[in-house]
Amino acid sequence: MIALKVKNQKDFMARLLASEIFDSFFVEEATIDTFNTFHIDGHVHKDFYKSDADYSDSSEIEDYSKWSSIRPICLELIKGKRTPLGFKFVFQPDNVTKDKIIAEADAGIAPSEVLLGLNIRYANGTIVLTTGTAFKTFTLDKSIEKAWDAFIPSFLSKARIELVDYD
């Protein structure tokens, strides 16, 4: 696990809410505190698509919504003259990225046994990004965690998002 603080919050928020940089990530949850607290559970209700001809097989539908579909809602809740009191987004990488990170770590653990997370939290005037790794089976091997912890700063650097270590 690593924790990083966003250096330029205005730039980061523009990239998070008004660009496609994070669009491939799955959203486990989103909570935004403004005049009310808005909570979005990112789990997809597959039954919603039952009668949709495009989704004849519900197994084709992902378990979580992509940030690309949740982002406009969050933008609408956050934009305006007033800064939110706080927010928290819990992201997971898309399956291709997750599989690649796990394969490169070469830990011999199936992707289905691993959860990779990125928490983005705004509180007390600071935006902090924290990585997390959870395993469904016991392992002492930290190679997947290290690979995920290395991927996020690299990903953010490529997106020109400036970070500093969180104290």
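Atom set for the values below is all heavy atoms of this structure, side chains included, hydrogens, waters and symmetry mates excluded.
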Pairwise ring pair (Phe, Tyr, Trp, His ring centres under 6.0 Å) hits with a residue in residues 105-144, at least two apart: Phe87-Tyr122
Partners meeting side-chain contact (heavy atoms from CB on, under 4.5 Å) with Glu145 (sequence neighbours left out): Met1, Thr133, Lys142, Asp149
Distance (rounded to the nearest 0.5 Å) between Ile152 CD1 and Ile101 CD1: 7.0 Å
Where Thr126 and Gln9 come nearest, the two heavy atoms and their spacing: CA-NE2, 3.5 Å
Ring geometry between Phe22 and Phe91 (parallel below 30°, tilted from 30 to 60°, perpendicular above 60°): tilted
Between Asp141 and Ser143, a side-chain donor and acceptor under 3.5 Å: yes
Co-membership, hydrophobic cluster, residues Val128 and Leu17, 4.5 Å side-chain: no
From CG (Leu163) to NZ (Lys7), nearest 0.5 Å: 10.0 Å
Note, Ile78 side chain near Met13 side chain (heavy atom, < 4.5 Å): yes
Nearest non-hydrogen partners of Ile102 and Pro111, listed with the distance: CD1-CA, 3.6 Å
Shared hydrophobic cluster, Val90 / Ile127 (ILVMFWY, side-chain heavy atoms < 4.5 Å): no
Approximate separation, where rounding is to 0.5 Å, of Lys10 NZ and Thr83 OG1: 11.0 Å
Min side-chain heavy-atom separation Val164-Leu4 under 4.5 Å: no
Side chains of Asp63 and Val44 in contact at under 4.5 Å (non-hydrogen atoms): no
Separation of Thr37 OG1 from Ile32 CD1 (nearest 0.5 Å): 10.0 Å
Arg121 CZ: over 12 foreign heavy atoms closer than 6.0 Å: no
Phe38 with Leu75, same ILVMFWY side-chain cluster at under 4.5 Å: yes
In one Ile/Leu/Val/Met/Phe/Trp/Tyr side-chain cluster, 4.5 Å: Leu156, Val27: yes
Donor-acceptor contact present, side-chain Arg15 to main-chain Ala159, <3.5 Å: yes
Side-chain heavy-atom pair Phe155, Ile161 within 4.5 angstrom cut-off: no
side-chain contact (heavy atoms from CB on, under 4.5 Å) against Ile73, all qualifying residues, sequence neighbours excluded: Ile40, Leu77
Full working for side-chain contact (heavy atoms from CB on, under 4.5 Å) between Ile120 and Val6: CA-CA 10 Å; Ile120 302 171; Val6 172; over 6 Å; no
Asn124, CG atom: more than 12 neighbouring heavy atoms under 6.0 Å: no
Heavy-atom check, side chain of Val96 versus side chain of Ser24, under 4.5 Å: no
Nearest atoms (heavy-atom pairs only) where Trp148 meets Gly117: NE1-O, 2.8 Å
Cluster overlap Ile21 with Leu118, hydrophobic side-chain contacts below 4.5 Å: yes
Any residue meeting salt bridge (charged side-chain N to carboxylate O under 4.0 Å, His left out) with Lys79, in chain and number order, not counting sequence neighbours: Glu76
Ring pair (Phe, Tyr, Trp, His ring centres under 6.0 Å) pairs, two or more places apart, involving residues 92-117: none
Parallel, tilted or perpendicular: ring planes of Tyr64 versus Phe26, cut at 30 and 60 degrees: tilted
Between CZ on residue Arg71 and OG on residue Ser19, distance to nearest 0.5 Å: 6.5 Å
Non-hydrogen side-chain atoms of Trp67 and Phe89 separated by less than 4.5 Å: yes
All pairs passing salt bridge (Lys or Arg N to Asp or Glu O under 4.0 Å) where residues 86-108 contributes a residue, at least two apart: Glu29-Lys88
Student check: side-chain heavy atoms of Phe12 and Leu129 closer than 4.5 Å: yes
